[in-house]
Protein chains: 2
Amino acid sequence: MQIRNMSVEPNFPMPIATVDTALLTLSGGALAVGLIERNRAPFIGMAALPGGYVHVPDDNSLEAAAARILREKAGLECRYLEQLGTFSGAARDPRGWSLTVAYFALVPEADLLAANSALTLQPVASLPPLAFDHASIVDAAVARLRGKSSYSALPAFLLPALFTLAELHAVYQQVLGTRLDLASFRRKIIDQEIVEPAESRKTGAHRPAGLFRLRAGQALPFQHRI
Amino acid sequence: MQIRNMSVEPNFPMPIATVDTALLTLSGGALAVGLIERNRAPFIGMAALPGGYVHVPDDNSLEAAAARILREKAGLECRYLEQLGTFSGAARDPRGWSLTVAYFALVPEADLLAANSALTLQPVASLPPLAFDHASIVDAAVARLRGKSSYSALPAFLLPALFTLAELHAVYQQVLGTRLDLASFRRKIIDQEIVEPAESRKTGAHRPAGLFRLRAGQALPFQHRI
DNA sequence: ATAATAGTGTCTCTCAGACACTATCGA
DNA sequence: TCGATAGTGTCTGAGAGACACTATTAT
């Protein structure tokens, strides 16, 4: 098969387009990102975000391409996948001018461990050198997550589908890096109907906690900041 | 010159990448977007956002490409230009799978009138049919502007460099589509140092109002929502 | 002086943080 | 019954809306 552009119009060099995803999870109480070792040039042997080319015949959209690549390389479906931004320039790839549409995904660590993924987790606070401009992409993903966490339910996607309010509270604190008053947190999450009670309760050594799930469509913003 | 990709690797069809910008301004008290008539297929004769291909040798980044295209088609430099998102798919362009990196820009109407631009302004509330998926891009730009306006100084970029607080208040109301208490608005804008006083005052028929300018780097978020 | 616009003082309501309180379970 | 975790009541302080008030200019 030969190189073929989809249009006959532009008779000049075009940037190559790829898709990369920063898959974030909480591992050992710290934010971590899923990395894969590159098996070809450029940056062969270096850690990189999972990514690849759009498959024009198969992928209906860039988001579908990102989801397919996560399926192939991490063996999982992510409940949260959002376009982060497009990174471009002459310098980011030694082969020439290129462009990558970056996504960021949130996944509970349990899902990632269950799928026997080709990815390794690295805490975002101590990343190895990454291929291309992938370090910038991770930074942008973490910044986006932190920013949105103060007024949305995004951190809930780092937990399994059912969780206690104490667990959700802990995740918010870990993501935001600040202490939050538990009583106010409970009131806000419940009053604003971010979350709804599930049937069962979580049993442990002591008084069992109620279980909750995210309400449908609730990656939505809160009315006020946390 | 022949079609040439920048990499030798991918031996399969690649999406074509373009850049499009939704240039927003306030015209007659309503949000409007700058449109240009397409002079070639597809969608020839139809209104579209100003856009084009990346010029690999000239443009250092996608943002530089967007700025160049605005310079060429609107004859102006925008004080605010932000990446909006990348729109993609097999259906958006009849020639095949394509991808466009969309930007949105804010400009005072006076600047647009001064530059004798090839663009015509259309209120976003009553758009004609647009080429490609440009209607979705305009919707996304307006949503982004409205969303960020409740906690940032973005609307100030719809005004000239110097403005009164009454003018800024009016712009916020027009963008957000809600009434805002003027006293609270003044206090918030001043207390949070969004804005700094300029030397002179605006003179009119009655008591002159103080002039202000945006503080450096103040597209930044407020501490609390407006 | 008056009209008109610029700008302030102050009350109230809402909401988040602080923190002490009660509730409910296992052992 | 006790220890531990789950969950609530209530006070306080900060900030936004309401709105009446004062200030400063042109005519």
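These numbers come from a predicted model, not from an experiment. Numbers restart at 1 for each chain; the letters A, B, ... are given by sequence-line order, proteins then strands.
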Give the rounded distance in Å between these two atoms: [atom1] of [X] and [atom2] of [N].
{"X": "A/Arg186", "N": "D/dA6", "atom1": "CZ", "atom2": "C1'", "answer": "6 Å"}
{"X": "A/Leu165", "N": "D/dG7", "atom1": "CG", "atom2": "P", "answer": "6 Å"}
{"X": "A/Ile190", "N": "D/dG9", "atom1": "CD1", "atom2": "C1'", "answer": "15 Å"}
{"X": "A/Phe185", "N": "D/dT8", "atom1": "CZ", "atom2": "C1'", "answer": "16 Å"}
{"X": "A/Glu167", "N": "D/dG7", "atom1": "CD", "atom2": "C1'", "answer": "15 Å"}
{"X": "B/Leu182", "N": "D/dG17", "atom1": "CG", "atom2": "C1'", "answer": "12 Å"}
{"X": "B/Asp191", "N": "D/dA14", "atom1": "CG", "atom2": "C1'", "answer": "12 Å"}
{"X": "A/Leu168", "N": "D/dG7", "atom1": "CG", "atom2": "C1'", "answer": "15 Å"}

Restricting to pairs with a member in residues 113-125 of chain B, which pass salt bridge (Lys or Arg N to Asp or Glu O under 4.0 Å), not counting sequence neighbours?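 For residues 113-125 of chain B: none.
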Would you indicate whether A/Asp191, at its atom CG, is surrounded by more than 12 heavy atoms from other residues, nucleotides or ligands within a distance under 6.0 Å?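 Check passes, neighbour count above 12.
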Could you give all pairs that pass the ring pair (Phe, Tyr, Trp, His ring centres under 6.0 Å) test and reach residues 107-129 of chain A, with sequence neighbours left out?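 Qualifying pairs: none.
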Is the shortest side-chain N/O distance from A/Lys188 to OP1 or OP2 of C/dC15 below 4.0 Å?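 A/Lys188 to C/dC15 OP1/OP2: no side-chain N or O under 4.0 Å.
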Hydrogens and angles aside, do A/Glu109 and A/Ser27 bring a side-chain donor and acceptor to less than 3.5 Å of each other?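 Yes.
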Quick one: are the ring centres of B/Phe43 and B/Phe132 less than 6.0 Å apart?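 Aromatic pair counts; centres sit under 6.0 Å.
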Given A/His169, which partner from the list A/Phe212, A/Phe163, A/Phe185 fulfils the ring-ring contact (aromatic ring centres under 6.0 Å, His included) test?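 So, applying the ring-ring contact (aromatic ring centres under 6.0 Å, His included) to A/His169 and each of A/Phe212, A/Phe163, A/Phe185, only A/Phe185 qualifies.
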At under 4.0 Å between heavy atoms, which parts of nucleotides 18-27 of chain D does protein reach? Answer with one letter per nucleotide, 5' to 3': B base, S sugar-phosphate only, - none. BB---BBBS-
